[in-house]
Structures are given as C-alpha cells and as structure tokens.
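Notes to accompany the following structure.
Chain letters run A, B, ... following the sequence lines, proteins first and then strands; every chain starts at 1. As a basis for the values below, the full set of heavy atoms in this structure was taken, side chains included, without hydrogen atoms, waters or symmetry mates.
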Amino acid sequence: MKRPLTLTARARGSRVRAYFSASASPETRWQTPERQSTAVSTNPPAAGARASPAPARHAVQASLMSLVESRVRSDWWGSPSPLLLQLGEPIDSRLCRHVIRGYTSQGKHLHSVFVFIQMQRVGVRPDSFTFAPVLKSVARLCLREMGRSVHAYAAKANVDGDVYVGTSLVNLYSGCMLIGDAHKVFDEMGERNSVSWNALITGYTHNRKFAEALDLFREMQADGVELTEVTMVGALSACAHLGALSLGKWIHEYIDCYGLSLNEFLGTALVDMYAKCGAVMEMEKVFITMRAKNVYTWNALISGFAINGHGEAALQAFSRMIMENLKPDGVTFLGILCACCHEGLVDEGKKYFGIMKEEFGLRPGIEHYGCMVDLLGQAGLFSEALHLVQNMDLKPDPIIWRTLLGACRTHRNVPLGRYAARKLLELEPTNAENYVLLSNIYAQDSMWDEIAQLRAVMNQRGIAKVAGCSSIEIGNVVYEFVASDCLKPEVRDLLDDIRKELKQMGYAANTGLALYDIEEEEKESSVAFHSEKIALAFGLMKSPPGSTIRIIKNLRVCQDCHVFFKIVSLVYKREISLRDRNQFHHFAGGSCSCRDHW
DNA sequence: GTAGGGTTAG
C-alpha cells in the first residue's frame, strides 16, 4: 500500500509558504482539498477577448488581409495548390476545409489562413471543421488581432460552443501568450473534455505559469476528468520548472499504476522532470526503461547530465546516441557544450563546436556561442573569448556580454569587466543583475567609489535588485524563503550556531559580495541571511537525519553561500542539492559537483 | 473529418 498523500494549495501572503504537498496515491486517486489560493481562475482576461462579433466578416477581410496578403503572396503563388486563388469563382466549402486542414497539418500556416480569408471573400461559410485548423495556424503564427477576429467570426457563425472550436480558441490565446483570455474562453465553454483541460494546462506551462498549471491539474483531477498522457506531460513540465520532485514522483507512480503509455513525449517529460529536480539516478532509470526514444529524449538526458555536473556522462550519452544512428540537433550540442562548460573541458568544447558545423552541418546559434564564451572565459582564456565575441557572425546579445562579465568576476579581470559591462549596459540598461555583477567585481578589489557611482546610477534609474528566493520541500510541503527575511528566532539561532561552528573550521564570510559599501559587521549579516542559507538551516532543522536536503534558488548562488554549503555538507555529514538559476550544485563531504566552476 | 504533448546559453 502506497503512502496516503494529500494535496494543499499554495498559501500566499506568508513569508514561509506552502506551495502544495504531494498528491494522493494513485490507487485512491488524488484527494483535492478546498482551494486556498485564488491565483488561477480569477485572472481577468484582456479586454476584447470576446470582441463584438457584429462586423466579423469585414473585420476578417479588412484587418487580416492587409496583414497576411503581403506576407503570403510571394510564396503563395509558387505553391503547388493555387486553385483557390481564382478569386470570384465559386469555391466548394468541402474543398476549402480539405485544403486548410492539409496546409495546417503540413505547417504551411500562412497558406491555411490565406485560404480561410478567400472563403470569406467569396462568401463560403466556414464550419467547426474549418475553424479548428485555421485557429491552430493563427496560433502558430502568433497573430493576436487576427485570432480575435477569427474568434469573433466563430461566435457570429455560432460555432464557438463547439468543444473542438473552444479548445482551439484556448490553444490560440495561450499560443499568443494571452493566457488570461485562454482561461476566459475555457471558463465559458459549455462542454469541456480532457483535451480542453490539457490545452489549458499546457497553455499555462507555455506561459511559464507553472504553479497555476499545477493548480489546474489538481482541479482537473478533482472534477473527475480523465488524466491522460498529455495531461501528465504538461504537469511534469510544470514540476520540472518548479523542482517539485514529490509531485513528479507521484505522477510517475500514477503512470505506472494506470498503465499510461511511456511514449516519447511522456518519457522525455519524466526524464526532464527528474533531471531538473536533481534526481540523476531516477532520470537514468526512466531513460533505460523507455522503449521509444527520439532526439528530444536524448537531449533531455544529455542536458540533464550536464546541469547536474555529470559532464563525462553527458559526453558518453552523446557517443551512444550517435552509435544508435540518431542525428543530433542544435539542442543536443547545446547540452554537450553546457557539459563542457560545467566540467571546464576547453579542448573538448572546441572539438564539439567544430564537429557541430563540420560533421553535422549545424550552424551555431547565439546560444552555442554563449556556451563557448562561458567555457573560454571561465577558463581564464580572455583573449580567445573576446576574439570569439568580436568575430562571430551574429550580433552579441546581452547574455553574451553578461557571460563575459561573469568570467571577469571569477578571475577578477577589472579592465575587461568594465568593457563588457559598458557593452552590456548599452543593450540592457535596466537589468539590476548587470549592475550587481559589475559591483561584485569592484567589491573584490575594494573599489568603493566605483560601487557608490553604480549605486547612484541605479537609484537614478529606479533599478532595484531582484530578491533572492529559495525553496525547500519538507514532508511534501514546499517552503519559500526570501533573502534577509524576518526570520523565526529558532532559524536565526540555528544559523548563528552553524556560523560559529563553521568559523572554527576556518570559514570567514566573504563580505566582498555585498553590493554596497557598508560596515564590516553589516556586510557579514547581509550575506549571512541569503535565502539559500535560511533554507539550509530550515532543512537541517526539519528534515530527517541522513536525507538529502534539496534547495532551489531563483538566482545564481553566491561564492560565500557556496563555501558555506560545502562546509555544512562536511560538518553535518549531509548531502545537499542546490539548484540555482543555471545548474545544480550537489554538495557532499566538503566538495561540490560543480568543482567550483559556475 | 476538426482540438491537447517533450529537450534548448547565462
């Protein structure tokens, strides 16, 4: 008998807050208590989500034609099926549907939309069979205003109550990043089924609203709607991003218990969930179990190894992938280059960057260059890194400059740091992270005047630092902590005790990381209460002895916390997994899986 | 006959 699990919604408004606890056992189905959060369904849609349908046909013709016709004409006339362009001729509606469906399924979305418009021009009425594919095409093209017009036209044609059309509309708005509108359509649907729920859940994950996606997942289950493979893919994706391991495991159990098909989609989502939750062994187990694998699956495995500091395993996986005759793509090489970065494998990274172009004919994107700049910069090879940035065939983006700036911080390279920061701030003057990075470089060399100037610029421009936030799951409840939080006395006392103990082991707070020029004692306390340290103290207090402490942070871990965690893992004999914004740090016995490269 | 799915720099 599996453990009974209950689910609670995320409680908002408290400093330490519970997201959810894991769910019910698969046998007993998921017991969903009353909602505590109003985060999801009260989200008001943007005005005009249900625009007046009155002038629908004209709206389609006028607003859509001007937008689409100019873009489509060049390749339309050369297309293999120009028969519908005999404007003014009667067009058979069945033929139109057939052609639209064909174009949409082939990914020729502009063609699909264009045929739809021709139908309006010659007075052929579309039906639900026509709206569904054309809405899909509009969604893929991300044409918001066109989508609203087609929505209005569907209402006018009285087919918006159809479950297929409704689901297509949910998909349309979420694809256009208008998730509030998608939810409004969903709420107003007279008939819903599993597919409509899946469309909304997936929409929330695509819109990066992961906690809300899980709220919906819980609602769907409570409503007794069938949870399918597609549902689980969406929910697992949300778990992966949130680091919600216990819920992810529950879903895995459900898949096994209910015999859901571990196809490429679901298997890849599971592999990715375990990877992003730092559970590397479970990730490998799922991968081995899977019978159907494709390039997505391999990519999830390779980047999973990479972010968890298993660079060699990532490279071995790549070799196996090639042996199994799978063709790697750009994402595969991103994982490989990322693995080389985290392992500091400069020569290997250069080799794979070359292979990518020469053997596989893949043109490196800006993200591949980003990895190479990181690899070279973190290795202290600044001339090569700068040469690459200045000579690549793409315009350097802010991430490229920020990566170089980060390497300058690692190696205390103030002159190049200034140069990179100037380039970066030209492109991205309002991102606080850029100022903090440069300030950290100055602070390492006690350049307090420069820091004061930076602070003045930030104040003048009204730029505030992003608050550090760390979460930890204890007993199936996720607690969140904010940096310099108002601590409970017992957590503060424990942190003080830990610090005293660590000081005896030679730990001294790295006060150079404080953004401002402040008194030594204050500097120490500002890094002393970084959110990950608070989460760690809470974890030491509340988790069973010997269990792995898993913490997730929204920003990159600072050098001081990194040292702190290493010593805690040694002194307290605990394994600690810390996921920061870019990668995992697995601490054990006084060292970290990242080998201090991050 | 129409709708819903996975990987991706720092």
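Residue A/His241 places no side-chain N or O under 4.0 Å from the OP1 or OP2 atom of B/dG6.
The aromatic ring centroids of A/Phe584 and A/Trp598 lie 6.0 Å or more from each other. No close placement of the A/Phe265 and A/Tyr296 rings is indicated, their centers lying 6.0 Å or farther apart.
Residue A/Tyr164 and nucleotide B/dA3 are not classified as a stacked aromatic pair, given the requirement of ring centres less than 5.5 Å apart at an interplanar angle below 30°.
Put simply, the side chain of A/Asn294 and the base of B/dG6 share a donor and an acceptor less than 3.5 Å apart. A/Asn193 contributes a side-chain N or O that forms a donor-acceptor pair with the base of B/dA3 under 3.5 Å. Donor-acceptor pairing under 3.5 Å, judged by distance alone, is absent between the side chain of A/Ser168 and the base of B/dA3. If you check distances only, the side chain of A/Asp162 never reaches the base of B/dA3 with a donor-acceptor pair under 3.5 Å.
Applying a 4.0 Å cut-off to non-hydrogen atoms, the residues of residues 264-289 of chain A that approach DNA chain B are A/Glu264, A/Phe265, A/Thr268, A/Asp272, A/Lys276, listed by residue number. Of the residues in residues 365-381 of chain A, those lying under 4.0 Å from DNA chain B by heavy-atom distance are A/Ile366, A/Glu367, A/Gly370, A/Cys371, A/Asp374. The stretch residues 330-338 of chain A comes close to DNA chain B through A/Val331, A/Leu334, each having a heavy atom under 4.0 Å from the strand.
The distance from atom OH of A/Tyr296 to atom P of B/dG5 is 12 Å, rounded to the nearest whole Å. In this structure, A/Phe210 places its CZ atom 11 Å from P of B/dG6, rounding to the nearest Å. Atom NE2 in A/His206 sits about 12 Å away from atom C1' in B/dT7, given to the nearest Å. Here the C1' atom of nucleotide B/dA3 and the CZ atom of A/Phe131 are 15 Å apart, to the nearest Å. Distance A/Glu191 CD to B/dA3 C1': 11 Å, rounded to the nearest Å. The distance between atom CG of A/Asp160 and atom P of B/dT2, rounded to the nearest whole Å, is 21 Å. Across the protein-nucleic acid pair, A/Arg97 atom CZ and B/dG1 atom P stand 12 Å apart, rounded to whole Å. In this entry the distance linking CZ of A/Phe217 with C1' of B/dG5 reads 14 Å, nearest Å.
Within 6.0 Å of atom CG in A/Asn158, 12 or fewer heavy atoms from other residues, nucleotides or ligands are found, so the atom counts as exposed in its surroundings.
Residues passing the salt bridge (charged side-chain N to carboxylate O under 4.0 Å, His left out) test with A/Arg144: none are found, sequence neighbours excluded. Scored by the salt bridge (charged side-chain N to carboxylate O under 4.0 Å, His left out) test, A/Arg208 finds no partners at all (sequence neighbours excluded). Not counting sequence neighbours, the partners of A/Asp127 by the salt bridge (charged side-chain N to carboxylate O under 4.0 Å, His left out) test are A/Arg97. A/His387 pairs by the side chain to side chain donor-acceptor pair (under 3.5 Å) definition with A/Asn391, not counting sequence neighbours. Here A/Tyr369 pairs with A/Asp393 under the side chain to side chain donor-acceptor pair (under 3.5 Å) rule; sequence neighbours left out. Every residue meeting the salt bridge (charged side-chain N to carboxylate O under 4.0 Å, His left out) condition with A/Arg418, not counting sequence neighbours, appears here in chain and number order: A/Glu450.
Listed by first and then second residue, the side chain to side chain donor-acceptor pair (under 3.5 Å) pairs involving residues 301-323 of chain A are A/Asn308-A/His586 (not counting sequence neighbours).
Within the nucleic acid shown, A/Thr228 comes within 4.0 Å of at least one base atom, counting heavy atoms only. Residue contacts shown for A/Thr297 include a base, since a base heavy atom lies under 4.0 Å away. Heavy atoms of A/Gln583 sit nowhere under 4.0 angstrom from any nucleic acid atom. Residue-level contact check: A/Arg101 touches the bases, meaning some heavy atom is under 4.0 Å from a base atom. Residue A/Asn263 is classed as a base contact, given a heavy-atom separation below 4.0 Å to a base.
Out of B/dG5, B/dT2, B/dT8, the shortest distance to the side chain of A/Ser303 is found at B/dT8. Nearest to the side chain of A/Phe129, among B/dG1, B/dA3, B/dT8, sits B/dG1.
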Could you pull out every donor-acceptor pair under 3.5 Å between side chains of residues 268-283 of chain A and any protein atom, sequence neighbours left out?
unit_1   : atom_1 : unit_2   : atom_2 : d
A/Thr268 : OG1    : A/Glu264 : O      : 2.5
A/Thr268 : OG1    : A/Thr297 : OG1    : 3.0
A/Asp272 : OD1    : A/Lys276 : NZ     : 2.6
A/Asp272 : OD2    : A/Lys276 : NZ     : 3.0
A/Tyr274 : OH     : A/His252 : ND1    : 2.8

Enumerate donor-acceptor pairs with a distance under 3.5 Å from any side-chain N or O in residues 229-240 of chain A to protein atoms, sequence neighbours excluded.
unit_1   : atom_1 : unit_2   : atom_2 : d
A/Glu229 : OE2    : A/Ser261 : N      : 2.8
A/Thr231 : OG1    : A/Asn198 : OD1    : 2.7
A/Thr231 : OG1    : A/Thr228 : N      : 2.8
A/Thr231 : OG1    : A/Thr228 : O      : 3.4
A/Thr231 : OG1    : A/Thr228 : OG1    : 3.2

Walk me through whether A/Asn193 and A/Glu226 qualify under side chain to side chain contact (heavy atoms under 4.5 Å, CB included).
CA-CA 8 Å; A/Asn193 59 20; A/Glu226 183 193 7; over 6 Å; no
